[in-house]
Amino acid sequence: MNAIKLTLFAMTATVSLSACGSESPEPTEQIVIREPGEAATPVEGAAADADGADAADLVAAGKSAFAACVACHSVTPDGASSIGPNLYGVVGRAAGSLAGFDYSDAMAGSGLTWNSGELDEFLTNPSAKVPGTRMVAGAVNDADDRAAIIAYLATLSE
Ligand code: HEC
C-alpha cells in the first residue's frame with residue numbers, strides 16, 4: 001500500500017516537473033538571453049539585461065537589431081543615402097539636416113536634435129514623434145532593442 005502511494009507521488013512529481021521550463025521557441029526573436037553558466041555564444045544577438053551586459057554587448061546587440069533598418073539606411077562614413085538618410089553620425093545631428101537627402105517637410109522642420117531620448121521616442125513610433133514623416137516602417141517595439149540600437153548609433157562617429 002505504501003509502495004503504491006510512493007509510486008503515485010513520484011509520478012505526480014515527475015509530471016509537474018516536466019511541465020515547467022519548456023518554453024516554445026520564437027523564431028523571429030533576435031535577442032538571446034544568456035543564462036549564467038551557459039556557454040558564451042557569439043555576441044551577435046546577445047541581450048542587454050538591465051543589470052548585466054556591458055557596453056560592448058549592448059552595442060553588438062544594437063548592431064544585430066539594426067538589421068531592421070539596413071534596407072533603408074547606410075551607416076558608413078559618407079555612405080550614400082538610399083530610401084532613408086545615411087545614419088553615420090546621426091546622434092547629435094539636427095533632424096532632417098543631412099545634405100543631399102530629400103527629407104519630408106515634417107522632418108526638415110521638426111526642430112529636433114537627435115539625442116538618446118528623441119531617438120527612443122522616434123523609434124517607438126516615428127509618425128507620432130514626427131507627424132508626416134516619410135519613415136513609415138522601422139518602429140521598434142522593444143525598449144531594450146531601442147536602447148541597443150541607439151547605443152550602436154552612438155558609436156558611429158569620428
Ligand atoms: C522603409 C524604410 C525605412 C526603414 C526600415 C527605417 N527607416 Fe529610418 N528613415 C527612413 C526615411 C525615408 C527617413 C526620412 C524621413 C523623413 O524625411 O520624414 C528616415 C529617417 C530616419 C532618422 C532621422 C535621420 C535624420 O537625418 O534626421 C532616423 C534617426 C532613422 N530613420 C532611424 C532608423 C532606424 C534606427 C531604423 C531601424 C530600426 C530605421 N530608421 C528604419 C526610412 C526607413
Side-chain angles (χ1 to χ4, degrees), residues 19-158:
C20 52
S22 57
E23 272 163 35
S24 56
E26 293 228 359
T28 55
E29 181 57 78
Q30 294 179 343
I31 295 294
V32 175
I33 306 289
R34 200 188 302 153
E35 298 291 342
E38 197 177 303
T41 47
V43 284
E44 293 266 314
D49 50 6
D51 58 344
D54 61 19
D57 275 358
L58 187 65
V59 169
K63 187 174 183 180
S64 178
F66 193 79
C69 325
V70 290
C72 300
H73 290 288
S74 63
V75 289
T76 50
D78 299 319
S81 297
S82 57
I83 297 169
N86 177 276
L87 293 181
Y88 183 82
V90 72
V91 176
R93 187 162 91 191
S97 69
L98 186 70
F101 184 79
D102 184 23
Y103 288 97
S104 64
D105 292 345
M107 185 62 79
S110 68
L112 298 170
T113 297
W114 293 123
N115 59 28
S116 304
E118 306 286 26
L119 282 166
D120 188 62
E121 289 177 18
F122 181 65
L123 294 178
T124 302
N125 186 340
S127 300
K129 181 67 176 168
V130 182
T133 181
R134 271 189 213 124
M135 181 163 143
V136 292
V140 181
N141 292 327
D142 187 276
D144 289 341
D145 284 355
R146 288 196 303 275
I149 287 171
I150 293 163
Y152 168 62
L153 289 175
T155 66
L156 303 175
S157 65
E158 285 119 44

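Treat the numbers as computed from the prediction; the structure is a model and nothing was measured. All ligand and atom numbering here is 1-based and tracks the order in the structure.
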Sub-4.0 Å atoms of ligand 1 with respect to non-hydrogen atoms of Leu119: 29 (C)
Atoms of ligand 1, numbered as shown, that sit under 4.0 Å from any heavy atom of Trp114: 23 (C), 24 (C), 25 (C), 27 (O)
Atoms of ligand 1, numbered as shown, that sit under 4.0 Å from any heavy atom of Thr133: 15 (C), 16 (C), 18 (O)
Per-atom contacts of ligand 1 with Phe122, taking only distances under 4.0 Å to non-hydrogen atoms: 21 (C), 22 (C), 28 (C), 30 (C), 31 (N)
Pair Met135-Met107, side-chain contact (heavy atoms from CB on, under 4.5 Å): steps then yes or no: CA-CA 9 Å; Met135 181 163 143; Met107 185 62 79; 5.8 Å; no
Numbering as shown, the atoms of ligand 1 that approach Phe101 to under 4.0 Å (heavy-atom distance): 14 (C)
Nitrogen or oxygen of Phe66 less than 3.5 angstrom from that of ligand 1: no
Atom 18 (O) of ligand 1: nearest protein contact (heavy atom, Å): Ser104 OG, 2.5 Å
Pairwise side-chain contact, Ile150 with Leu123, heavy-atom cut-off 4.5 Å (strictly under): yes
Sub-3.5 Å N/O-N/O distance, His73 and ligand 1: yes
Spacing of Arg134 atom CZ and Cys72 atom SG [to the nearest 0.5 Å]: 13.0 Å
Separation of Leu87 CG from Arg93 CZ (nearest 0.5 Å): 6.0 Å
Heavy-atom nearest neighbour in the protein, as seen from atom 13 (C) of ligand 1, with distance rounded to 0.1 Å: Pro85 CD, 3.5 Å
Between OG on residue Ser74 and CG on residue Leu156, distance to nearest 0.5 Å: 10.5 Å
Gap separating the OG atom of Ser82 from the CZ atom of Phe101, nearest 0.5 angstrom: 7.5 Å
Atom CG of Asn115: over 12 foreign heavy atoms under 6.0 Å: yes
Verdict with supporting geometry, Thr124 and Arg146, side-chain contact (heavy atoms from CB on, under 4.5 Å): CA-CA 8 Å; Thr124 302; Arg146 288 196 303 275; 3.0 Å; yes
Qualifying residue for side chain to side chain contact (heavy atoms under 4.5 Å, CB included) with Phe66, from Val140, Asp145, Leu153: Leu153
Ligand 1-proximal atoms of Leu123, by part, heavy-atom distance under 4.0 Å: side chain
Pairwise distance CZ(Phe122) to OG(Ser127) - rounded to 0.5 angstrom: 8.0 Å
Atom 8 (Fe) of ligand 1 reached by Cys69 (N, O or S, under 2.8 Å): no
For atom 12 (C) of ligand 1, closest protein heavy-atom neighbour: Ile83 O, 3.2 Å
Protein contact of atom 32 (C) of ligand 1 - nearest heavy atom, named by residue and atom, plus distance: Leu87 CD1, 3.7 Å
Contact with ligand 1 for Gly96, non-hydrogen, under 4.0 angstrom: yes
Numbering as shown, the atoms of ligand 1 that approach Arg93 to under 4.0 Å (heavy-atom distance): 25 (C), 26 (O)
Those atoms of ligand 1 less than 4.0 Å from some heavy atom in Gly138: 38 (C), 41 (C)
Whether Ala106 lies under 4.0 Å from ligand 1, heavy atom: no
Nearest neighbour in protein (non-hydrogen) for atom 1 (C) of ligand 1: Cys72 SG, 2.8 Å
Which residue and heavy atom of the protein sit nearest atom 26 (O) of ligand 1, plus the separation: Tyr103 OH, 2.5 Å
Contact (N/O only, under 3.5 Å) between Asp102 and ligand 1: no
Contact check, side chains of Tyr152 and Leu58, non-hydrogen atoms, under 4.5 Å: no
Inter-residue atom distance Asp142.CG - Ile149.CD1, 0.5 Å rounding: 9.5 Å
Ligand-residue contact atoms, ligand 1 with Val140, heavy atoms, under 4.0 Å: 38 (C)
Donor-acceptor side-chain pairing of Ser81 and Asn86 below 3.5 angstrom: no
